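Nothing here was measured: the structure is a model prediction, and the numbers come from that model. Heads up: numbering here begins at 1 and tracks the sequence.
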Amino acid sequence: QVQLVESGGGLVQAGGSLRLSCAASGRTFSRYAMGWFRQAPGKEREFVAAISWSGGSKYYVDSVKGRFTISRDNAKTTVYLQMNSLKPEDTATYYCAADGSVDSLRLHTRADSWGKGTLVTVSS
């Protein structure tokens, strides 16, 4: 397992941008697929984006395609989520996750490791 710590959340106006970061500890970071999930108040946790261990494959939920970009820097053991054109419905706590399988992340919302989350609030 890896330990994950998210940062970069905050309050932003609709149409604005934020970049979330997830710092991972452990020497095996490059072996993990990484993902971002979010959970709004009163709703279930949902998949947002995932990236394969090499960074060569990326997946997004339809509602964020064209607005969010996931990336990773294996040398820095960090994964990012660039969020542009934010909408009030993007308001949620965003969680970083790691798993040996990108399909576990994107299809089953399952992960070996989870961060504690960072809150993103988009005002209208």
Results of side-chain contact (heavy atoms from CB on, under 4.5 Å) for Val5 - residues two or more places apart only
none
Verdict with reasoning, Arg72 to Thr78, per side chain to side chain contact (heavy atoms under 4.5 Å, CB included)
CA-CA 6 Å; Arg72 67 188 295 162; Thr78 300; over 6 Å; no
Not counting sequence neighbours, list each pair that qualifies as a salt bridge (Lys or Arg N to Asp or Glu O under 4.0 Å) and has a residue in residues 11-20.
none
Nearest 0.5 angstrom please: Leu4 CG to Cys22 SG, how far?
4.5 Å
Return the set of residues passing salt bridge (charged side-chain N to carboxylate O under 4.0 Å, His left out) with Asp112 (not counting sequence neighbours), or none when no residue passes.
none
Please collect all ring pair (Phe, Tyr, Trp, His ring centres under 6.0 Å) contacts where either partner lies in residues 15-34, sequence neighbours excluded, each pair once.
none
Over all heavy atoms of both residues, which pair between Ala111 and Leu105 is shortest? Give the atoms and the distance, please.
CB-CD2, 3.8 Å
Which pairs count as salt bridge (Lys or Arg N to Asp or Glu O under 4.0 Å) when at least one residue sits in residues 74-96, sequence neighbours excluded?
Arg38-Asp90, Arg67-Asp90
With respect to Thr91, which candidate in Val12, Val122, Val120 satisfies the side chain to side chain contact (heavy atoms under 4.5 Å, CB included) definition?
Val122
To the nearest 0.5 Å, atom CE of Met34 lies from atom CG of Leu81 at 11.5 Å
Let me see the working for Val79 and Cys96 under side chain to side chain contact (heavy atoms under 4.5 Å, CB included), right down to the final yes or no.
CA-CA 8 Å; Val79 63; Cys96 176; 3.7 Å; yes
Side chain to side chain donor-acceptor pair (under 3.5 Å) with Gln82: which residues, sequence neighbours excluded?
Asn84
Sorted by first residue and then second, give each ring pair (Phe, Tyr, Trp, His ring centres under 6.0 Å) pair with at least one member in residues 79-122; sequence neighbours left out.
Phe37-Trp114
Enumerate, atom names and distances included, each donor-acceptor pair closer than 3.5 Å involving a side-chain atom of residues 49-57, sequence neighbours excluded.
| residue | atom | partner | partner atom | Å |
| --- | --- | --- | --- | --- |
| Ser52 | OG | Gly55 | N | 3.4 |
| Ser52 | OG | Gly56 | N | 3.3 |
| Ser52 | OG | Ser57 | N | 3.1 |
| Ser54 | OG | Gly56 | N | 3.1 |

Are the side chains of Gln13 and Leu86 in touch, meaning some heavy atoms are under 4.5 Å apart?
no
Salt bridge (charged side-chain N to carboxylate O under 4.0 Å, His left out) involving Lys65 - partner list, sequence neighbours excluded:
Asp62
Ala92 to Ala40 - nearest heavy-atom pair and separation:
CB-N, 3.8 Å
Is any side-chain heavy atom of Tyr59 less than 4.5 Å from a side-chain heavy atom of Phe47?
yes
Among pairs that include at least one residue of residues 115-124, which meet side-chain hydrogen bond (donor to acceptor under 3.5 Å, both in side chains), considering only residues two or more places apart or in two chains?
none
So, using side chain to side chain donor-acceptor pair (under 3.5 Å) as the criterion, who are the partners of Ser25 when residues are at least two apart?
Gln3
What's the shortest heavy-atom distance between Ile70 and Gly35, and which atoms?
CD1-CA, 4.5 Å
Could you tell me whether the side chain of Ser101 and the main chain of Ser104 form a donor-acceptor pair under 3.5 Å?
yes
Could you measure the distance from the CD atom of Glu46 to the CH2 atom of Trp36? Nearest 0.5 Å is fine.
14.5 Å
Ignoring hydrogens, what is the shortest heavy-atom contact between Leu18 and Gly8? Give both atom names and the distance.
CD2-O, 3.8 Å
Taking side chain to side chain donor-acceptor pair (under 3.5 Å) as the test, write out the residues that go with Ser7, two or more places apart.
none
